[in-house]
*Asks:* 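Please read through the structure below; I'll follow up with questions.
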2 protein chains.
Amino acid sequence: MARPDQPADDGPLDPTELAAWRGMLRVHARVTAILDAQMREAHGLTVSQYEVLLFLGDAPDGQMRMADLASRALLTRSGMTRLVDRLVELRYVERAAAEGDGRGAFACLTPAGADALRVAQRTHRRGIREEFLRKLPQSEQLALGNAWEHVLRD
Amino acid sequence: MARPDQPADDGPLDPTELAAWRGMLRVHARVTAILDAQMREAHGLTVSQYEVLLFLGDAPDGQMRMADLASRALLTRSGMTRLVDRLVELRYVERAAAEGDGRGAFACLTPAGADALRVAQRTHRRGIREEFLRKLPQSEQLALGNAWEHVLRD
DNA sequence: GCCATGTAGTTGCGCGCGCAACTAGATGGC
DNA sequence: GCCATCTAGTTGCGCGCGCAACTACATGGC
């Protein structure tokens, strides 16, 4: 028997559901495309590469283990290996063996990397504000924060 | 002169801004990864391929021009060419010349494609509800919809 | 001490996509 | 009618990433 008053969990999305879901896809695609283009054009970096510099900049001594970088950047270890390869070519990062663990390697921010980070960070923050935060009153920013917390907490 | 009461647009993000922005990145990455894995495992399709079937299913006569598909799916025309190639191999889609425009081509949903769409749609809707909508009361879904509208309208 | 198992990082391979160049056909100025 | 320009679609190439296999080292049971 059909039970139209008890919609199936695989039935069509209603307009509220659609707006919440599709809107996120649209906004994410658009904003990240713009930020990626800005970062590439202004600094020759991808956003992922920038984020790695950012994580290193926040870390004590400007260095982190490869696996920690990978998990923070939401990449696999193999992806991080290649990403750091490119940052090493740019002289923004150096590798260092981990003393006390012969398997481990650190990625270390160089002075040139720290300089690049400082400049790129301004581009990135301005882009996030211009393309995203500026269009949202603080009340809506707070509402988004709450929603994300609900989605992410298991 | 520093003007701490007038924060620079490239200064650090405050906690509210950070939660709104980073949360979206996290939620988007996580939910799309899960939906992609479900779609691949259950039906051997990527979400992009599924969406093309969906657009065709909604179109009159189950057919659309390549360029229209590309813009709806947020892909380039070249990406759509290859994506449709794969759907043709799967026998879910056929190509047809556009009469009256010798350049044009339609992608047409086959009966097998319509069947695949029906089944895959259930997987996808269930995934969206399970991983995203279920964790948001309707008030928050409405708040998200409003926020997306603000970000997207120029 | 020795071996089974686990972990860190790298490498070979393939996929999905964008960019730029290209072909074929449409369109407008004259 | 003719040619410059535009548009639709495809193709060659490269990039960024994940998966699985591999190497090297660490760790715990005995």
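Side-chain atoms are counted along with the backbone in the values below, which use heavy atoms only and exclude waters and symmetry mates. Throughout, protein chains are lettered first and strands after them, A, B, ... in sequence-line order, and every chain is numbered starting at 1.
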*Asks:* Quick one: on DNA chain D, does A:Gly102 or A:Thr76 contact a more 5' nucleotide (nearest heavy atom)?
*Replies:* A:Thr76
*Asks:* Once you round it to whole Å, what is the distance between C1' of D:dT7 and CZ of B:Arg65?
*Replies:*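 About 10 Å, once rounded to whole Å.
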*Asks:* Distance to the ring centre below 6.0 angstrom and angle to the axis at most 45 degrees; does that hold for A:Arg65 and A:Phe106?
*Replies:* yes
*Asks:* Rounded to the nearest Å, what distance is computed from the CE atom of residue B:Met66 to the P atom of nucleotide D:dA8?
*Replies:*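 It works out to 12 Å between those atoms.
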*Asks:* What is the distance from CZ of A:Arg103 to P of D:dC25, rounded to the nearest Å?
*Replies:*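 Atom CZ in A:Arg103 sits about 10 Å away from atom P in D:dC25.
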*Asks:* Can B:Leu56 be reached from B:Val88 by stepping across I, L, V, M, F, W or Y side chains whose heavy atoms are under 4.5 Å apart?
*Replies:*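 B:Val88 and B:Leu56: one cluster.
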*Asks:* Given the rule in the salt bridge (Lys or Arg N to Asp or Glu O under 4.0 Å) test, do B:Arg72 and B:Glu51 qualify, once you have shown the distances and angles that lead to the verdict?
*Replies:* CA-CA 9 Å; B:Arg72 286 209 58 183; B:Glu51 284 186 316; over 6 Å; no
*Asks:* Reading DNA chain C from 5' onward, which residue's closest nucleotide shows up sooner: B:Arg82 or A:Asp85?
*Replies:* A:Asp85
*Asks:* With heavy atoms of chain B within less than 4.0 Å as the criterion, where does contact along DNA chain C begin and end?
*Replies:* C:dG16 to C:dA26
*Asks:* Centre-to-centre under 6.0 Å for B:Tyr50 and B:His124, is that the case here?
*Replies:*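 Yes, close enough.
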*Asks:* Find which nucleotide of DNA chain C each of B:Met80 and A:Met80 is nearest to by heavy atoms, and output the residue with the more 5' nucleotide.
*Replies:* A:Met80
*Asks:* Quick check: closest heavy atoms across A:Leu69 and A:Ala107, and the distance to 0.1 Å?
*Replies:* CD1-CB, 3.8 Å
*Asks:* Per the side chain to side chain contact (heavy atoms under 4.5 Å, CB included) rule, which among B:Leu90, B:Leu83, B:Val84 passes with B:Arg86?
*Replies:* B:Leu83
*Asks:* Rounded to the nearest Å, what distance is computed from the CG atom of residue B:Leu69 to the P atom of nucleotide D:dA8?
*Replies:*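 These atoms are roughly 13 Å apart.
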